[in-house]
Amino acid sequence: MKAYPGLFISFEGTEGSGKSTQMRLLVNRLRSEGLTVTENQEPGATRIGKQIRRILLDPVHHEMASMTELLLMFASRTQAANEIIIPALTRGEIVVSDRFTDSTLAYQGEARGLGFETVLAAHRLALGSLAPDLTICLTIDLEKGLARADSRNQWSGDDANEARIDLQSLNFHRRVSEGYRKIAQLEPRRFRFVDGEGDRDMIAERVWTEVSQFVPARSQTK
Ligand SMILES: Nc1ncnc2c1ncn2[C@@H]1O[C@H](COP(=O)(O)OP(=O)(O)OP(=O)(O)O)[C@@H](O)[C@H]1O
Ligand SMILES: [Mg+2]
């Protein structure tokens, strides 16, 4: 039995894999089908989350302990769950989230070495059994993804904000990818890899192939 009448979808993937781009295309498509969609972006969708995001991404905070990072992530996520995600799911809406706990499993659990068990324990404490019904994990060659994110940051002038995490080594990102592979092995039904290389619209079609199996039947009959 599902805990809420709504549908919870999350996007995952390494930096520059196209999560935000594909999330926007999916949200537009769902809305054009007449569905009500609520968006969540991690970290920072709430007022409190924005302040936490600033602490997390500040390059000055090089002394930040992995556990501090983990708990700040979950503090922000709990706030988003309470303010945005749970109310929307309770109303029966579709919630689409740019990253969720799988990011913490991959980045803090696997790449920073805290382990899945520690991250899952924090998740249970902060969020109970709240989990996406479907997760789209976009795959891209790591160097291509980082190059995409770099050129995007130059245009947006957002490079200082993203710097602390983007400066991590390629090896770190390889470990993140390994973390995602482990999640897929644990939860193959929920966690779906989608090829994130190629034309945006083509990738959006691949995403839709996965999502359309989950959207409420009324949209399919339109
Ligand atoms: N299919 C694509 N082909 C080429 N460039 C793309 C494609 N999809 C997105 N981009 C561009 O690549 C950059 C990164 O995309 P996007 O911001 O969607 O990735 P992201 O996974 O959300 O990144 P981040 O992890 O930094 O949040 C953007 O400048 C975007 O316009
Ligand atoms: Mg993004």
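For the single chain, residues carry numbers from 1 onward in sequence order. The analysis underlying the following values was restricted to heavy atoms, covering all of them including side chains, and did not include hydrogens, waters or symmetry mates.
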Straight-line distance of Asn171 CG to His173 NE2, nearest 0.5 Å: 11.0 Å
Worked verdict on Thr36 versus Glu93 for side-chain hydrogen bond (donor to acceptor under 3.5 Å, both in side chains): CA-CA 5 Å; Thr36 306; Glu93 297 173 13; 5.5 Å; no
Rounded distance [0.5 Å steps], OG1 in Thr209 versus CD1 in Ile136: 9.5 Å
Working for side-chain hydrogen bond (donor to acceptor under 3.5 Å, both in side chains), residues Ser97 and Gln41: CA-CA 6 Å; Ser97 184; Gln41 197 200 7; over 6 Å; no
Flag if over 12 foreign heavy atoms under 6.0 Å of CD, Glu197: yes
Residues that Arg181 engages under salt bridge (charged side-chain N to carboxylate O under 4.0 Å, His left out), provided they are two or more places apart: Glu178
Sidechain-backbone polar pair: His61 side chain, Ile55 backbone, donor-acceptor under 3.5 Å: yes
Pairwise distance CZ(Phe193) to OG1(Thr135) - rounded to 0.5 angstrom: 10.5 Å
Check: Arg148 and Glu143 side chains under 4.5 Å, non-hydrogen atoms: no
Asp98 (side chain) donor-acceptor with Glu42 (main chain) under 3.5 angstrom: no
Side-chain donor/acceptor of Gln22 to backbone N/O of Arg200, under 3.5 Å: yes
Check: Arg189 main-chain N/O paired with Arg192 side-chain donor or acceptor under 3.5 Å: yes
Tyr107 side, atom OH; Leu114 side, atom CG - distance, nearest 0.5 Å: 15.0 Å
Polar side chain donor-acceptor pair, His123 to Thr101, under 3.5 angstrom: yes
Side chain proximity check, Leu7 to Val95, heavy atoms < 4.5 angstrom: no
Geometric cation-pi criterion Arg99 and Phe11, 6.0 Å radius, 45° cone: no
Check: Arg54 main-chain N/O paired with Asp58 side-chain donor or acceptor under 3.5 Å: no
Presence of salt bridge, Glu12 and Lys19, under 4.0 angstrom: no
Geometric class of the Phe191/Tyr180 ring pair [parallel <30°, tilted 30-60°, perpendicular >60°]: parallel
salt_bridge(Glu39, Arg31) N-O dist < 4.0 Å: yes
Any side-chain heavy-atom pair of Val37 and Val96 under 4.5 Å: yes
Interatomic spacing from CG in Leu72 to OG1 in Thr104 - rounded to 0.5 Å: 11.5 Å
Criterion side-chain contact (heavy atoms from CB on, under 4.5 Å) on Arg206 and Asp195, from CA distance to verdict: CA-CA 8 Å; Arg206 293 178 197 140; Asp195 181 358; 3.7 Å; yes
N-O pairing of Arg190 and Asp102 below 4.0 Å: yes
Sub-4.5 Å side-chain heavy-atom contact between Val194 and Thr139: no
Gap separating the CZ atom of Arg53 from the CE atom of Met73, nearest 0.5 angstrom: 10.0 Å
Step-by-step side-chain contact (heavy atoms from CB on, under 4.5 Å) determination, Thr14 to Leu146: CA-CA 8 Å; Thr14 49; Leu146 292 174; over 6 Å; no
Minimal non-hydrogen separation, Ser76 against Gly49, with atom names: OG-CA, 3.8 Å
CA sep, side-chain torsions, deciding dist, call: Phe8, Leu130, side-chain contact (heavy atoms from CB on, under 4.5 Å): CA-CA 9 Å; Phe8 186 10; Leu130 182 66; 4.2 Å; yes
Side-chain heavy-atom pair Val211, Leu26 within 4.5 angstrom cut-off: yes
Joint hydrophobic cluster, Leu125 plus Leu120, side-chain heavy atoms closer than 4.5 Å: no
Side-chain heavy atoms of Leu70 within contact of Val119, under 4.5 Å: yes
Trp208/Leu30 under side-chain contact (heavy atoms from CB on, under 4.5 Å): CA gap, chis, key distance, verdict: CA-CA 10 Å; Trp208 187 251; Leu30 290 167; 3.7 Å; yes
Salt-bridge present (Arg175, Glu110; N to O < 4.0 Å): no
Leu25-Ile203 co-clustered via ILVMFWY side chain contacts under 4.5 Å: no
Common cluster, Ile140/Leu142, ILVMFWY with side-chain heavy-atom separation under 4.5 Å: no
